[in-house]
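Everything below concerns the one structure shown next.
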Amino acid sequence: MGTDFHTNTEGRKGISSWIFSTDHKRIGLLYLYSILGFFLTGVVIGLLMRLELIAPGKTIVSARTYDSLFTLHGIIMIFFFIIPGVPASLGNFLLPLQIGARDVAFPRINLLSWWLYMIAGITAISTIFLPGGPPDTGWTFYPPYSIRTPTNVSVAAFAAFIIGFSSILTGLNFITTIHRLRAPGMTWMRMPLFTWTLYSTAWVQILATPVIAITLLLLILERAFGTGFFDPSKGGDPLMFEHLFWIYSHPAVYVMILPAMGIISEIVPTFSRKTVFGYRAIVFSGLTIATLGYVVWGHHMFTSGMSDVSNMVFSFITFAVAVPSGIKVFNWIATMYKGSVEVKPPMLYAFAFIFLFSIGGLTGLINSAVATNIHIHGTFFIVAHFHYTMFGGAGFAFFAGLHYWFPKMTGRMYNFRASTVACITLFIGFNVLYFPMFLLGWQGMPRRYYDYPPEFHWNNLISTLGSWILAAGLLIMFTNLARALFKGEKAGNNPWDGTTLEWQTTSPPPHENFAEIPVVTQGPYSRKREGQETGDR
Amino acid sequence: MVKHTDDVGAKMGMWLFLFTEMLFFGGMFLLYAVYRAHYSADFSGASSELNRVIGTFNTVILITSSFTAALSLSEIKKGALRSASVSLGITALLGIIFLIIKYTEWSAKIGHGIYPGSAYFNDLAHGKVLFFSLYFVMTGIHALHVLIGIVVFMVILFMVHSGTVRGNNFIKLENAALYWHFVDIAWIYLFPLLYLLR
Amino acid sequence: MLSMKEKKDTSGTTGHGTLIVTWLALLFLTGLTVWIAGVNTDRHGVAINIIVASMKAGLVLFVFMRLKYESLFFRLILLLIVVTLTAIMALTFLDVLYR
Amino acid sequence: MSDKVNETTLIILIICLALLGLVTFFMIFLAVRYRRKKNPDPEDISGSLPLEIAWTVIPTILVFIMFWYGWVNFKVMRTVPENAFNINVTARMWSWSFEYPDGFKTPTLMVPAGKPVNLDIISEDVLHSLFIPAFKIKEDAVPGMHTRLWFTAPSPGEYTIFCSEYCGQGHSSMLSKVIAMTEDEFAAWYQTRKDEATGRRAGEEASQVLKKHGCLDCHTTDGSALTGPSFKGIYGKKIMVISSGKERELTADEAYLRKSVLDPDSDIAKGYPDIMPSFKDEIPENELKDIINYIKELK
Ligand code: HEA
Ligand code: HEA
Ligand code: CUA
Ligand SMILES: [Cu+2]
């Protein structure tokens with residue numbers, strides 16, 4: 001019989017029983033802790049940036065420092081928090097559980113991914129201490145500025161290159177796992193939706209990440225040897241960098257949001273005590289988003305001097321992506337119809353997600369119409385859009401998932417009242433922080449501005465105040481979870497009455513997940529059990 | 001059939017990895033295509049400064065090594081460890097020859113002052129600068145792959161001798177060979193793009 | 001789709017004869033492409049040489065890498081990669097050519 | 001231009017707000033209506049094909065409408081009227097320079113109100129972006145490539161120009177102005193600048209230009225230092241400067257001399273106070289060129 005994976009140390013002791021473990025659950029938790037560590041770093045930098053922007057002129061840091069702050073903030077949040085966020089932590093923990101497997105297909109490669117992740121993270125952070133200082137290019141690394149600046153752009157780009165490897169390895173691991181290790185009877189159309197989104201995400205990771213790898217490598221070579229690919233003084237074309245960069249970085253935003261959508265697709269049926277509405281529609285819309293998402297990258301370049309034909313084509317395809325996203329939203333909401341809805345913390349976070357992501361996504365449409373993009377590109381409107389999608393969307397879904405699976409991962413339960421308070425505080429703080437940015441952008445305040453004319457003062461002030469409310473919310477949330485980790489009540493194996501396979505093993509699950517590999521006979525959210533009536537009470 | 005390792009799974013992982021490699025090279029091919037369309041005269045001028053004979057010779061070497069790699073897989077499946085080792089050894093050796101030739105080719109170019117960053121290089125026409133940069137980067141990255149392949153084959157050779165890789169457990173060799181064939185394919189495209197098209 | 005049991009036997013061996021013929025074909029195509037490049041210097045040369053290279057790549061993929069014997073899934077992903085690369089190229093050229 | 005943008009935004013905004021309202025309403029309504037207390041027994045509904053079709057087809061139509069407005073209005077923004085007045089724009093770290101058909105340049109963009117103006121934009125160094133929020137337009141300045149932008153200033157007045165593509169430390173201070181005048185005013189201004197540009201070339205010596213702008217109050221041409229370093233022999237010399245608090249060495253090349261005059265605060269020659277005023281809007285480009293050539297000669 002398997003033992004609790006927390007106590008099964010594979011013959012190792014202390015920290016090395018974690019950092020050399022090939023158990024997907026331990027690796028998932030390793031990822032979770034390290035990702036939260038990077039998140040905290042990014043968040044503190046965000047707070048500093050808001051403090052600088054509280055008033056016009058210099059407030060706390062110099063222009064040079066501010067430039068590095070938003071660059072590091074962007075790099076950390078994108079590459080080290082939100083891209084690996086859901087798939088590598090929650091995904092690693094839950095994918096084998098959800099498909100009834102004992103582990104992922106390549107446990108050792110899984111561990112390697114985590115190591116690469118850590119090495120990349122430390123490399124990125126190390127730029128702060130290296131002579132020359134942290135990069136000051138923005139997370140987009142646009143040349144020719146990124147070729148000229150004396151800061152440590154190459155080191156940061158190399159860090160992103162390494163994490164690309166980590167991401168690719170996770171992707172191919174997940175695809176192989178899903179193809180090879182599903183439990184008997186788990187057909188494709190019986191797979192839980194979170195697993196489905198991990199599957200689509202893994203494909204995007206595999207297809208897009210190599211492109212950023214080569215792009216960053218070429219940038220590094222350009223800086224080291226002057227190869228001239230992106231340097232107009234040698235005949236290169238800076239727009240080619242923009243193309244290559246966004247060929248990866250747009251699909252990357254779907255790497256962030258797809259698994260987040262998967263989490264919501266798990267939570268909503270569970271707390272409605274009902275099978276999900278339109279399972280197939282949700283599955284195929286996810287695949288459509290992944291596919292279309294690959295060919296819309298040009299919407300980041302409408303004002304770059306790209307050809308007008310491209311503007312038209314990219315704008316058109318971008319609009320098309322909204323349709324499958326809408327299908328998901330509509331199906332989640334329809335799932336509640338005639339259900340038995342109970343708003344426990346995970347569900348509350350899911351509601352916050354649906355609302356905030358809808359705002360983020362719908363403002364994405366204002367971005368993607370060429371005529372309006374010409375005005376708001378490069379302004380705080382964009383900053384607001386992507387915080388709504390990434391933080392309000394992917395971030396809140398991550399929190400939702402954390403609350404949903406916390407009892408499964410730790411075996412303990414947190415305080416509901418505290419997490420409700422946290423969620424509401426986060427929600428309010430979030431809107432106070434980011435909504436004014438839409439107005440700022442519409443008024444014309446460009447992003448990456450260290451200083452701004454006085455007419456933008458009010459909205460910036462409000463926004464900074466919002467960041468403190470948000471900080472308070474995060475503090476409550478994490479304190480609550482940290483307390484529960486040590487002092488929480490025992491949660492039981494299936495506290496939410498979930499239907500997917502992970503709820504049918506113990507909490508936390510034993511070393512190889514299942515005492516006996518389950519045989520699947522029905523869809524993931526079906527409540528018709530043998531010997532049970534529909535909709536048990 | 002209770003096997004602990006999943007060979008098909010391992011092979012699937014390798015293929016997926018190779019597909020990412022194709023996209024990795026794809027990024028460079030994209031740059032090549034765009035700059036070639038833009039500076040076609042310079043590109044043909046610069047391409048004629050590369051030595052076709054050397055290029056062709058290296059192509060033959062690499063194709064042959066791919067053949068011996070495939071041969072060694074067939075042999076090991078039959079359980080013929082000895083001839084499998086020989087084929088493996090020849091593959092690695094051909095890889096080394098390829099690298100030596102590449103090295104002399106590069107040194108000749110560098111000896112003439114043609115390398116990114118040199119004064120002579122920066123005075124060349126824009127299209128030529130880009131062509132030679134592409135030449136160095138593409139063949140450089142390819143050579144790195146060849147080098148990794150050689151090391152992998154050495155390790156496999158050792159495993160064959162120590163009995164880890166054998167007639168009924170050849171997935172490591174199979175994956176190594178797959179990787180090597182991919183390196184060959186990359187060169188199959190690099191060769192005409194850099195040496196032949198004028 | 002692909003499941004635990006494989007329909008085709010993917011662990012069989014490729015005969016020496018097939019391998020040698022493929023090898024010779026590859027050498028022949030190499031010669032061909034060099035010859036074409038020598039006589040044909042106009043723009044069609046590009047297309048012809050790429051086609052010949054793709055034929056060579058096809059031989060390596062299907063015979064040496066045994067794609068011929070693998071399950072459909074492997075061939076589908078190859079198709080996916082080719083389609084992806086084509087899409088990227090096409091969309092980029094939409095900008096480069098009409099700028 | 002801004003009416004085109006407003007029109008598009010309005011249409012998209014209305015559709016989006018309606019959808020957001022719908023989604024939020026149903027989310028709250030269903031959660032309350034079917035709360036567990038009131039509805040303990042869920043019904044087993046797993047989907048509805050007509051609904052799926054409806055919420056695929058209707059959004060698709062909406063989305064096409066939005067795209068269409070965005071594209072059509074953008075077309076207008078790209079079609080330059082034939083009678084447009086042409087001005088060449090050069091962006092550099094971190095200032096703008098506008099060159100008029102008769103070859104003279106200004107640091108602010110002077111235009112006749114009510115008349116279409118076409119900007120031909122290039123960059124000398126890195127990416128920048130010319131952004132005029134009042135007209136709701138922008139276009140990147142790309143080194144090695146010409147981009148364009150056109151607009152009509154609706155009425156006389158001043159409108160801010162921002163740089164909206166990140167370009168380094170000075171990005172947020174790379175501001176300028178559009179100054180729109182009535183057509184008559186503009187014609188008069190244009191004529192004087194044209195005369196100035198052509199007239200001065202005839203007689204005035206570079207040393208006189210230096211005197212005119214008061215450079216010689218602080219600098220000498222004979223090697224002795226006053227408030228500022230002497231001009232003699234600085235060209236091509238390696239000097240120590242303090243850039244945003246950090247010391248570094250650089251060669252006093254043409255770009256540096258130019259920057260010293262236009263943006264003296266960014267690099268401060270070591271040992272001297274940070275008091276030199278910026279001459280960004282004071283010295284016309286051709287005079288600056290003369291000054292720099294003159295300094296180059298002072299060996
Ligand atoms: C998680 C990340 C994430 C997600 C999911 C998205 C989703 C979308 N994004 Fe966003 N985006 C970013 C992260 C993300 N984005 C980032 C980081 C940047 C800036 C990068 C930088 O420059 O630094 C950016 C920038 C960006 C731009 C470039 C702006 C510019 O710089 O000029 C554009 C332009 O088209 C855009 C569009 C869209 C669209 C159309 C979607 C769509 O996928 C949204 C679809 C969702 C919905 C539409 C809402 C749900 C649907 C309904 C409620 C009902 C149905 C609706 C209709 C039928 C209309 N985004
Ligand atoms: C997922 C991604 C993500 C997230 C979560 C955030 C979070 C935040 N970001 Fe974001 N941001 C980006 C991704 C993200 N950002 C990206 C990609 C860019 C573009 C960069 C570029 O231009 O290159 C950007 C740019 C950006 C800008 C624009 C800069 C400019 O253009 O000038 C600003 C400005 O306000 C900002 C602010 C913030 C703030 C205040 C937060 C806040 O969320 C932070 C608020 C939270 C706190 C302050 C909490 C502090 C918490 C504690 C102290 C307690 C925690 C305790 C425990 C863990 C125990 N960000
Ligand atoms: Cu110039 Cu920003
Ligand atoms: Cu995008």
Side-chain angles (χ1 to χ4, degrees), chain B residues 1 6-8 11-12 15-16 18-20 22-23 25-27 29-31 33-38 40 44 47 52-53 55-56 59-60 63-64 66-71 73-78 168 170-171 174 177-178 180-182 184-186 188-193 195-198, chain C residues 2 4-6 10-16 18-20 22-27 29-31 33-34 36-38 40-43 45-46 48-50 52-61 63-67 70-71 73-74 77-78 80-82 84-85 88-89 92-93 95-97:
Chain B
M1 197 195 77
D6 174 15
D7 283 0
V8 179
K11 206 163 29 170
M12 187 184 282
W15 273 99
L16 288 171
L18 293 185
F19 288 127
T20 67
M22 289 182 193
L23 286 162
F25 276 87
F29 287 135
L30 177 64
L31 273 189
V34 167
Y35 291 142
R36 182 177 183 96
H38 207 272
S40 44
S44 34
S47 149
R52 267 188 191 175
V53 178
T56 313
T59 310
V60 171
I63 285 178
T64 310
S66 217
F67 164 68
T68 54
L71 206 59
L73 180 63
S74 282
E75 290 298 302
I76 201 137
K77 281 180 179 173
K78 286 192 229 150
N168 58 2
F170 47 77
I171 183 64
E174 184 163 11
L178 283 177
W180 190 258
H181 294 311
F182 162 75
D184 188 24
I185 290 178
I188 284 177
Y189 282 98
L190 287 180
F191 171 59
L193 292 185
Y195 292 82
L196 298 181
L197 297 181
R198 300 223 159 133
Chain C
L2 196 82
M4 296 297 267
K5 45 190 185 302
E6 297 305 311
T10 64
S11 57
T13 51
T14 318
H16 285 191
T18 322
L19 291 181
I20 292 175
T22 312
W23 176 52
L24 291 176
L26 285 170
L27 291 182
L29 287 174
T30 307
T33 189
V34 174
I36 291 172
N40 188 331
T41 46
D42 65 7
R43 293 187 58 216
V46 179
I48 297 175
N49 277 299
I50 297 288
V52 174
S54 300
M55 284 161 66
K56 289 163 75 182
L59 282 177
V60 175
L61 277 165
V63 183
F64 284 175
M65 299 173 86
R66 302 176 48 81
L67 201 54
E70 298 292 355
S71 64
F73 174 69
F74 286 64
I77 24 182
L78 177 66
L80 182 66
I81 301 292
V82 174
T84 308
L85 276 174
I88 295 179
M89 293 261 178
T92 310
F93 270 90
D95 169 24
V96 177
L97 293 182

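Order of the sequence lines sets the chain letters (A, B, ...), proteins ahead of strands, with each chain counted from 1.
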* Structure fact -> For B:Ile63 and C:Phe64, the nearest pair of non-hydrogen atoms, with its separation, is O-CE1, 4.4 Å

* Separation of C:Ile50 CD1 from B:Leu197 CG (nearest 0.5 Å) -> 6.0 Å

* Structure fact -> Checked C:Val63, C:Thr30, C:Leu80 vs chain B; the most non-hydrogen pairs under 4.5 Å come from C:Thr30

* Structure fact -> Interatomic distance, CZ@C:Phe74 vs NZ@B:Lys11, rounded to 0.5 Å, equals 6.0 Å

* Engaged part of C:Thr22 at the chain B interface, taking heavy atoms whose separation is under 4.5 Å -> neither

* **Contact leader toward chain B among C:Leu29, C:Val34, C:Val96, where contacts are heavy-atom pairs under 4.5 Å** => C:Val34

* **Which residues share a side-chain contact (heavy atoms from CB on, under 4.5 Å) with C:Leu97, sequence neighbours left out** => C:Phe93

* Asked: Pick from C:Thr92, C:Ile77, C:Leu26, C:Leu27: which one has the most heavy-atom pairs with chain B under 4.5 Å?
  -> C:Ile77

* **Spacing of CG belonging to C:Leu85 relative to CG belonging to B:Leu23, to within rounding of 0.5 Å** => 5.0 Å

* Taking all non-hydrogen atoms of both residues into account, name the closest pair between C:Met65 and B:Leu18 and its distance. => CE-CD1, 3.6 Å

* Structure fact -> Minimal heavy-atom distance between B:Ala33 and C:Met89, with the atoms involved, is CB-SD, 4.3 Å

* **Interatomic distance, C:Arg66 atom CZ to B:His181 atom NE2 [nearest 0.5 angstrom]** => 10.0 Å

* Structure fact -> d(B:Phe19 CZ, C:Leu78 CG) to nearest 0.5 Å is 5.0 Å

* Asked: Can you name the residues that form a salt bridge (charged side-chain N to carboxylate O under 4.0 Å, His left out) with B:Asp184, not counting sequence neighbours?
  -> none

* Asked: Is any side-chain heavy atom of B:Ser74 closer than 4.5 Å to a side-chain heavy atom of C:Leu19?
  -> yes

